[in-house]
Amino acid sequence: MARRCRSSGGGNVPGLAVAAPSWLLVATVVLAGVADGQLQVGFYSKSCPGAESTVASVVRQAGSADSTILPALLRLQFHDCFVRGCDGSVLIKGGGGSAEVDNSKHQGLRGLEIIEGAKTQLEAQCPGVVSCADIVALAARDAVAFTGGPSFDVPTGRRDGKVSNLRDADALPDVHDGIGALRSKFRANGLDEKDLVLLTAAHTVGTTACFFLQDRLYNFPLPGGGRGSDPTIPPGFLSELKSRCAPGDFNTRLPLDRGSGGVFDTSILRNIRNGFAVIGSDAALYNDTATVDVVDSYSGLLSNFFGPYFRQDFADAMVRMGSIGVVTGGAGEVRKVCSKFN
């Protein structure tokens, strides 16, 4: 299936620095995990022609009011797709704390109200047509573009799942995961080491809470026994992190991409290569030959000219992730409200 990957052009959100390329990227994508081919670009072109533009408008407006919501929407799709597939199950609320979203691995998850806002508008335009799962995928795509990343076509046609269980989210990758666990969790979803590096590179934008650094900075298991700071963190960087995240500080936020947190670029991969990864799971990518080679391939100064092409490959990885475990055809449902089953 041919798919366009474009510069984000004039769709930028005020306050975010953007480095848009001067060329058009063209890619061919094989959709992983969609053997029946029921996902397709422009799925709503006849049934709800304004679907994609409506979602883009809602995301653009939200990003203009609060630029931090854009990386949050990207994270939301990751959290949806890695639990039961891309079926909108993470959006379900209620159930006395037994819904998927109540799992502690979803801590700090944001953007659900943006998805619901888009759904409300689409229900007014085309009742019962556009799934919440597709809105999540489209919103993540638009969020990437509005942070200066590539703009690309997203196949749609997902339907919403009818199950949301707290414990299902235990399978999510975690900041404490080593490279073996990360590779295993990605493989379980049909993704390889290249996808692992590319999707982790989404951390080029956004922030993390000090909550996710406490163990790495103050309670890391040391080789000789005892607990302390992760010994792989360069001393100067360790002092920098500790100055931002004191013991017991769970709420202060800092950029995941040191020195370039507001720009969609490959700085995050150079930081990982040079030992300046903020969270442990990012640092883990430089602990395995397979992922080290991928990180290095995008970190060179000439990759923008001779490949591999990060922006194009990132878009491809997003499409592959968006194809995990999709519900299509007559299965599932199209929810009327994203936070509850019909």
Side-chain angles (χ1 to χ4, degrees), residues 32-33 71-91 99-112 136-137 140 143-144 161 164-216 219-221 230 232 255-257 268-269 271-272 277-292 294-295 298 313-314 316-326:
L73 288 169
L74 181 53
R75 181 183 182 224
L76 180 62
Q77 189 192 16
F78 181 90
H79 279 240
D80 184 34
C81 291
F82 267 72
V83 183
R84 303 190 63 87
C86 310
D87 66 349
S89 56
V90 73
L91 305 173
E100 176 189 321
V101 74
D102 297 312
N103 191 296
S104 61
K105 287 201 172 184
H106 289 308
Q107 183 164 350
L109 202 63
R110 300 171 58 213
L112 284 76
V136 170
V144 168
S164 181
N165 291 326
L166 177 75
R167 296 270 66 92
D168 287 342
D170 290 343
L172 273 168
D174 187 89
V175 294
H176 301 102
D177 285 344
I179 189 61
L182 291 170
R183 291 178 68 181
S184 177
K185 289 176 180 180
F186 271 67
R187 283 199 202 105
N189 286 291
L191 302 174
D192 62 16
E193 288 78 12
K194 183 176 179 180
D195 295 311
L196 169 57
V197 171
L198 287 164
L199 293 172
T200 299
H203 292 163
T204 181
V205 290
T207 61
T208 188
C210 286
F211 171 85
F212 295 106
L213 277 75
Q214 288 295 311
D215 284 348
R216 190 177 189 217
N219 195 34
F220 191 88
D230 181 350
T232 67
L256 283 160
D257 188 3
I268 181 67
L269 298 178
N271 276 334
I272 290 172
V278 173
I279 57 175
S281 54
D282 285 4
L285 297 187
Y286 223 65
N287 293 334
D288 184 272
T289 301
T291 46
V292 164
V294 180
V295 171
Y298 292 109
D313 291 351
F314 178 83
D316 290 351
M318 286 289 292
V319 172
R320 284 191 292 272
M321 181 182 73
S323 304
I324 296 172
V326 294

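The two residues A140 and L74 come nearest to each other via the heavy atoms CB-CA, 4.2 Å. Considering all non-hydrogen atoms of both residues, I268 and L256 come closest at CD1-O, 3.5 Å. Nearest approach of I279 to H203, heavy atoms of both residues: CD1-CE1, 3.8 Å. Across all their heavy atoms, I272 and D282 have their closest contact at CG2-O, 3.6 Å. Here the closest non-hydrogen pair linking Q77 and M321 is OE1-CE, 3.5 Å. Annotation for D195 and A317: closest pair OD1-CB, 3.7 Å, computed over non-hydrogen atoms.
Contact of the L191 side chain with the I324 side chain is registered, since non-hydrogen atoms from C-beta on lie closer than 4.5 Å. With a 4.5 Å cut-off on side-chain heavy atoms, Y286 and T291 do not count as touching. Between R110 and R75 there is no side-chain heavy-atom pair separated by less than 4.5 Å. Side chains of N165 and E100 form no contact here, defined as non-hydrogen atoms less than 4.5 Å apart. In this structure, T232 and R216 have side chains that are in contact, with non-hydrogen atoms separated by less than 4.5 Å. Considering only heavy atoms from C-beta on, D215 stays 4.5 Å or farther from F220 through its side chain. Using a 4.5 Å heavy-atom cutoff, the side chains of V278 and F212 are not in contact. Two residues are said to be in side-chain contact when any heavy atoms from C-beta on lie closer than 4.5 Å; L182 and L196 meet this criterion.
With D80 contributing its side chain and C86 its backbone, the two residues share no donor-acceptor pair below 3.5 Å. Not one N or O on the side chain of K105 forms a donor-acceptor pair closer than 3.5 Å with the backbone of D174. Between the side chain of D168 and the backbone N or O of S164, no donor-acceptor pair lies under 3.5 Å.
Side-chain atoms of S281 and D177 include no donor-acceptor pair closer than 3.5 Å.
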